[in-house]
Number of protein chains: 2
Amino acid sequence: MRIASQPLCDRSEHAAARRRLPVTETALERASMLFRAMGDPARLRLLGLLAQGPACVSELAAIEGETVSTISQRLRVLRNERLVTRRREGKHINYTLADQHVLDLVFSAMAHASEAPAAAGLSEFESTKEQS
Amino acid sequence: MRIASQPLCDRSEHAAARRRLPVTETALERASMLFRAMGDPARLRLLGLLAQGPACVSELAAIEGETVSTISQRLRVLRNERLVTRRREGKHINYTLADQHVLDLVFSAMAHASEAPAAAGLSEFESTKEQS
DNA sequence: CAATCACTTGCACATTTGTGCAACTGTCAA
DNA sequence: TTGACAGTTGCACAAATGTGCAAGTGATTG
């Protein structure tokens with residue numbers, strides 16, 4: 001089930017023109033897990049809140065208007081990808097962004113997102129100015 | 001079903017300590033869609049390939065050992081988030097990374113991912129050095 | 001000790017997502 | 001026009017994901 005059944009085009013010139021990039025398979029796998037963790041509005045909003053300062057679960061639950069359980073689950077996903085860090089302080093457990101890196105990621109994404117008003121009815125072909 | 005039913009802790013000092021951040025709800029929504037699009041190993045691998053140069057669908061299908069249909073679907077998701085661009089050239093349609101921005105995002109993620117060897121059995125609390 | 005607060009987790013359920021097949025559109029060449 | 005090639009899309013199905021409830025852990029207080 002992994003073999004392309006349709007006939008292939010022959011475009012090996014392009015393959016030759018590729019730049020070499022150090023992209024290992026495992027790094028790619030991890031990066032995708034990281035993106036997936038951030039790929040949920042609710043979780044991303046949580047990161048946004050934590051970007052403004054540390055907070056405990058029930059605090060976040062109150063702000064979001066969700067159950068503590070739900071928030072805890074969301075934080076668990078973020079924690080699994082080391083996006084947030086947890087520290088016990090007396091009765092509560094405080095969550096914080098793991099590092100500035102995370103924030104950069106979020107801002108980069110928002111920058112990209114605000115450049116183009118999302119995809120809806122974009123023309124079939126963005127530009128069409130070259131020879132056959 | 002959106003009201004926290006458990007008793008809340010009172011930590012308003014933290015709320016006061018938050019830094020202001022211009023994070024609109026729609027920007028956040030879009031960013032999460034973007035992350036979601038990148039949150040799949042197969043699609044991220046596609047971005048990795050395109051980072052090395054433009055390619056057409058069947059070329060990518062051959063490299064990945066997948067059906068043309070599958071690759072096309074994956075590219076569609078990336079295209080919806082404006083991560084890649086498409087241009088007809090004769091018989092084929094060439095895909096390219098939309099901009100350098102995208103590459104930065106991927107590299108940032110991989111940097112973060114390689115810092116910590118993914119989460120598995122990390123200690124319950126990363127650090128525990130403060131008063132009650 | 002028991003009671004309470006703060007949080008986590010097991011489970012069940014509905015929703016979303018990814019995939020391939022088959023059928024479609026669109027391009028080029030004879 | 002016909003045929004071959006390059007991609008896309010509708011559909012159905014399996015797998016993954018997000019959610020809340022209820023029951024659990026762990027720390028603090030009486």
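Computation of the quantities below employed the complete heavy-atom set of this structure, encompassing side-chain atoms and omitting hydrogens, waters and symmetry-equivalent molecules. All values reported here derive from a predicted model rather than from experimental measurement.
- Qualifying salt bridge (Lys or Arg N to Asp or Glu O under 4.0 Å) partners for A:R36, counting only residues two or more places apart in sequence or in other chains: B:D40.
- Whole-Å rounding puts the A:I93 CD1 to D:dA27 P distance at 9 Å.
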Pairwise N/O distances under 3.5 Å, protein to nucleotides 13-16 of chain C:
none

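- The nearest whole Å value for the distance from the CZ atom in A:F35 to the P atom in C:dT17 is 18 Å.
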inquiry  = Working note: A:T96 + A:R87, criterion side chain to side chain contact (heavy atoms under 4.5 Å, CB included); need CA distance, chi angles, decisive distance, verdict.
reply    = CA-CA 8 Å; A:T96 325; A:R87 170 185 306 177; over 6 Å; no

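- Contact annotation: side chain of A:S69 to base of C:dT8, donor-acceptor pair absent below 3.5 Å.
- Atom CG in A:L75 sits roughly 14 Å away from atom C1' in C:dT9 (whole-Å rounding).
- Nearest nucleotide to the B:V57 side chain, out of C:dT9, D:dT9, D:dT8: D:dT8.
- The phosphate of C:dT19 (OP1 or OP2) has a side-chain N or O of B:R74 nearer than 4.0 angstrom.
- Side-chain N/O atoms of B:R86 include one lying less than 4.0 angstrom from OP1 or OP2 on D:dT8.
- Residue B:Y95 has no polar side-chain atom (N or O) positioned under 4.0 Å from OP1 or OP2 of D:dA6.
- A salt bridge (charged side-chain N to carboxylate O under 4.0 Å, His left out) check over residues 41-56 of chain A, counting only residues at least two apart or in different chains, returns the pairs A:R45-A:E64, A:R45-B:E25.
- The interatomic distance linking A:H92 (NE2) with C:dT8 (P) rounds to 13 Å, in whole Å.
- Scanning atom types as modelled, no donor and acceptor separated by under 3.5 angstrom connect the side chain of A:S72 and the base of C:dT9.
- Atom pair A:Q73:CD and C:dT8:P shows a separation of 9 Å (rounding to whole Å applied).
- Separating the CD1 atom of A:I71 from the P atom of D:dT19 is a distance of 9 Å, rounded to the nearest angstrom.
- Across all non-hydrogen atoms, the minimal contact from A:A98 to A:R82 is CB-O, 3.1 Å.
- Considering every non-hydrogen atom in both A:M110 and B:A31, the closest pair reads CG-CB, 3.9 Å.
- Between A:V77 and A:A37, the shortest heavy-atom distance links the atoms CG1-CB, 3.9 Å.
- One can place CD of B:E66 at 11 Å from P of C:dC21, the figure rounded to the nearest angstrom.
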Identify each atom pair where a protein N or O and an N or O of nucleotides 24-27 of chain C are less than 3.5 Å apart, giving names and distance.
none

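- Residues in residues 33-85 of chain A take part in these ring pair (Phe, Tyr, Trp, His ring centres under 6.0 Å) pairs, two or more places apart or across chains: A:F35-B:F35.
- A heavy atom lying under 4.0 Å from DNA chain C marks none of the residues of residues 37-46 of chain A.
- To the nearest 0.5 Å, the span separating CD on B:E81 from CE on B:M38 amounts to 9.5 Å.
- Separation of atoms CG (B:L46) and CG (B:L75) is listed at 5.0 Å; rounding is to 0.5 Å.
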task = Begin from the C-alpha positions of A:R74 and A:L78 and carry the test side chain to side chain contact (heavy atoms under 4.5 Å, CB included) through to its verdict.
result = CA-CA 7 Å; A:R74 289 176 187 164; A:L78 296 175; 5.6 Å; no

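- Taken to the nearest 0.5 Å, the CG atom of B:L50 stands 5.5 Å off from the CG atom of B:L60.
- The distance between atom CG of A:N80 and atom P of D:dG18, rounded to the nearest whole Å, is 12 Å.
- Closest approach to the A:V68 side chain among D:dG7, D:dG10, C:dC7 is made by C:dC7 (side chain taken as heavy atoms from C-beta onward).
- Distances from the side chain of B:S58 to the nucleotides D:dT8, C:dT9, D:dA6 place D:dA6 closest.
- The two atoms that bring B:A109 and A:L34 nearest to each other are O-CD1, 4.0 Å, heavy atoms only.
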